[in-house]
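Down below is the structure, laid out as structure tokens.
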Amino acid sequence: MKTVNQIYINGEFVTPYGTEIYDLINPSNNEKIGEVTLADAIDTKNAIAAAKAAFRTFSKSSISERIGYLTKLKIAIEKRKQDFISTMIEEYGGTHQFVTMSNEHTGSWFDSMIEVLKNFEFERTINAASVRLQPVGVVAIITPWNASNSSVTSKVATAIAAGCTVVIKPSEMSALQTNVLMEAFHDAGLPKGVINVVTGLGNVVGTELTENPGVTKISFTGSTAVGKSIAKRAADTMKRVTLELGGKSPNIILDDADLDAAIPMAVYGAYMNSGQACIAPTRLLVPQHKLDQVNAIAKATAARIVVGLPQHPDTNIGPMVSVKQFDRVQHYIKTGIEEGATLLTGGLGKPEGLEDGNFVKATIFTNVSNDMTIAQQEIFGPVLCIIPYQTEEEAIEIANDTPYGLAAYITSADRERAIRVASEIDAGRVCINGFSHDPFVPFGGFKQSGIGREYGAYGLQPYLEIKAVLS
Ligand code: NAD
């Protein structure tokens with residue numbers, strides 16, 4: 001049993017005023033593995049006050065000082081890599097495969113911001129005016145359970161690069177990972193109050209951060225429903241908001257694509273992070289005349305997918321994070337069947353031998369029509385929808401016929417053709433012939449997938465306020 005009963009404010013581990021206890025449950029067997037004492041509104045106010053006080057000095061730090069801090073943070077975080085991996089497996093059931101890969105990228109959030117800082121123009125001249133980009137203020141960082149470590153570290157790296165101080169509210173379900181993060185932040189030895197961490201509930205700590213006038217900006221990653229509510233409430237104090245929200249990303253396989261390569265990649269992609277990924281390509285758009293061939297390859301691929309305990313290196317799909325999330329995914333599978341989609345593989349119930357945890361069968365629906373619930377709503381589980389199209393134009397229309405616009409994927413033997421199709425897609429990031437990661441390239445969503453962009457120079461800009469001095 002692990003106990004997390006401290007938060008991190010003003011450079012110190014402190015006992016929270018909050019007294020509510022939240023149980024941490026291992027999703028592989030639903031046994032209790034620990035408990036966390038949740039912070040409350042007083043703790044949050046104290047963290048905001050510490051960040052506000054630290055901002056006075058930290059906002060004046062030089063670029064070389066910030067590069068020094070980013071370097072220290074990178075070293076301290078990377079030192080804890082194995083702790084992050086084992087905790088993520090135990091706490092949310094992240095597969096060994098996924099969390100190992102995810103932790104390989106952690107250093108890149110700091111490296112990329114160091115590189116951006118070396119070239120970023122904080123002062124510009126327009127005619128007789130001098131234009132200064134200055135740190136926006138205290139930033140509240142609110143993050144989800146499915147990508148806690150990467151969301152927190154990428155946002156912290158950007159805030160520090162900008163000269164902002166932060167109050168971090170990770171998901172209450174990520175308390176063990178957060179504990180490792182707090183220790184690493186402390187080891188990095190930044191000035192007191194620059195980084196503060198308060199683990200608590202969204203409607204308590206999250207609400208205080210959203211409404212408190214001491215917070216100038218919110219950088220939120222999470223569901224579209226919560227993102228909308230934050231944006232509405234943040235407007236009262238005119239906070240700047242960056243919102244990274246949900247997705248229902250299309251994966252367009254053009255008619256010249258090599259199906260033997262593209263379809264297995266599409267199936268594995270849809271199941272990334274056990275299907276609990278905002279950018280997962282969950283709508284697979286394929287030419288109608290190739291549907292039988294696609295179905296056969298997809299079914300054969302799913303038969304090779306290993307659903308199992310997340311610590312096993314060959315497991316592709318681990319448990320859903322909670323019983324609630326398991327039930328939600330089951331509800332969508334049931335809805336897909338009721339709405340008339342063809343169940344190609346998987347379906348309701350748990351895989352044999354995995355009854356104790358929140359395991360879902362690797363599921364594929366085919367002959368899905370884009371107006372079905374399973375094609376429109378974010379399921380957040382290992383459920384892939386194969387949607388046939390007649391023409392390239394129709395594929396583009398279907399791809400864009402969604403409230404979301406986070407990511408999209410296109411596969412074609414003709415790169416120029418794929419790039420032309422990409423120009424028609426309403427999504428913040430379009431990957432051609434595979435899945436690529438680049439921490440310098442902007443990330444964020446069109447439509448209800450969010451507001452603003454993260455990463456690289458485009459990600460730094462929203463942490464800065466623009467001041468023009470005319471003389
Ligand atoms: P969630 O929206 O339920 O919670 C996210 C965070 O918001 C948590 O820390 C939660 O405690 C907090 N919160 C909840 N209610 C709040 C309130 N009223 N005020 C302030 N904060 C509040 O999301 P989740 O279930 O933790 O994560 C899954 C969702 O996150 C999915 O929709 C997924 O697509 C999305 N996501 C998006 C990205 C992206 O980069 N676009 C990345 C990862 C996850």
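For ligands, and for the atoms within them, numbers begin at 1 and follow the listed sequence. Throughout, numbering of the chain's residues begins at 1 and tracks the sequence.
Contact annotation: for Leu406 versus ligand 1, heavy atoms closer than 4.0 Å belong to the side chain alone.
Of the protein's heavy atoms, Thr143 O, 3.2 Å lies nearest to atom 8 (C) of ligand 1. In this structure, atom 22 (C) of ligand 1 lies nearest to the protein heavy atom Gly202 CA, 3.4 Å. In terms of protein heavy-atom proximity, atom 1 (P) of ligand 1 is closest to Ser223 OG, 3.6 Å. Of all protein heavy atoms, the one closest to atom 37 (C) of ligand 1 is Leu245 O, 3.1 Å. Regarding atom 7 (O) of ligand 1, its nearest protein heavy-atom neighbour is Phe220 CE1, 3.2 Å. When only non-hydrogen protein atoms are considered, atom 26 (O) of ligand 1 lies nearest to Trp145 CD1, 3.0 Å. Closest to atom 43 (C) of ligand 1, if we only count protein heavy atoms, is Asn146 OD1, 3.3 Å. Counting only heavy atoms of the protein, atom 27 (O) of ligand 1 lies nearest to Pro144 CB, 3.2 Å.
Side-chain atoms of Arg283 and Asn370 include a donor-acceptor pair closer than 3.5 Å. Between the side chains of Asp356 and Asn30, no donor N or O sits under 3.5 Å from an acceptor N or O. Looking only at atom types and distance, the side chain of Tyr22 has no donor-acceptor partner in the side chain of Glu35 under 3.5 Å away. With hydrogens and angles left out, the side-chain atoms of Thr237 and Lys239 include a donor and acceptor closer than 3.5 Å.
Interface atoms of ligand 1 facing Gly206, defined by a heavy-atom separation under 4.0 Å, are 19 (N), 20 (C), 21 (N). Listed by atom number, the atoms of ligand 1 under 4.0 Å from Arg233 heavy atoms are 17 (C), 18 (N), 19 (N). Atoms of ligand 1 lying under 4.0 Å from any heavy atom of Pro170, numbered from 1 in the order shown and given with element: 9 (O). Atoms of ligand 1 lying under 4.0 Å from any heavy atom of Ser171, numbered from 1 in the order shown and given with element: 9 (O). Using a 4.0 Å cut-off to heavy atoms of Ile142, the atoms of ligand 1 that qualify are 6 (C), 7 (O), 9 (O), 12 (C), 21 (N). Contact atoms of ligand 1 toward Phe443: 40 (O) (distance under 4.0 Å to a heavy atom of the residue). The ligand atoms of ligand 1 that sit less than 4.0 angstrom from a heavy atom of Glu172 are 11 (O).
Summarising the contacts of atom 42 (C) of ligand 1 with Cys278, Gly222, Gly227, the nearest heavy atom is found in Cys278. In this comparison of Tyr404, Tyr92, Phe380, the heavy atom closest to atom 28 (C) of ligand 1 sits on Phe380.
Residues Phe435 and Tyr409 bring their aromatic ring centres within 6.0 Å. Between His437 and His105, the distance from one ring center to the other falls under 6.0 angstrom.
On a distance-only criterion, Thr224 and ligand 1 share no N/O pair closer than 3.5 Å. Geometrically, ligand 1 and Glu378 share a nitrogen or oxygen pair separated by less than 3.5 Å.
In this structure, the side chain of Asp43 engages the main chain of Asp40 through a donor-acceptor pair within 3.5 Å. Side-chain atoms of Glu339 come within 3.5 Å of backbone atoms of Thr373 as a donor-acceptor pair (strictly under, hydrogens ignored). Under a 3.5 Å cut-off, the side chain of Asn10 and the backbone N or O of Ala50 do not form any donor-acceptor pair. Between the side chain of Arg240 and the backbone N or O of Met238 there is at least one donor-acceptor pair closer than 3.5 Å.
No heavy atom of Gly450 sits closer than 4.0 Å to any atom of ligand 1.
Cation-pi geometry between Lys155 and Tyr463 is not met: the NZ or CZ atom fails to fall both under 6.0 Å from the ring centre and inside 45° of the normal.
With salt bridges taken as basic N to acidic carboxylate O contacts below 4.0 Å, one links Arg80 and Asp83.
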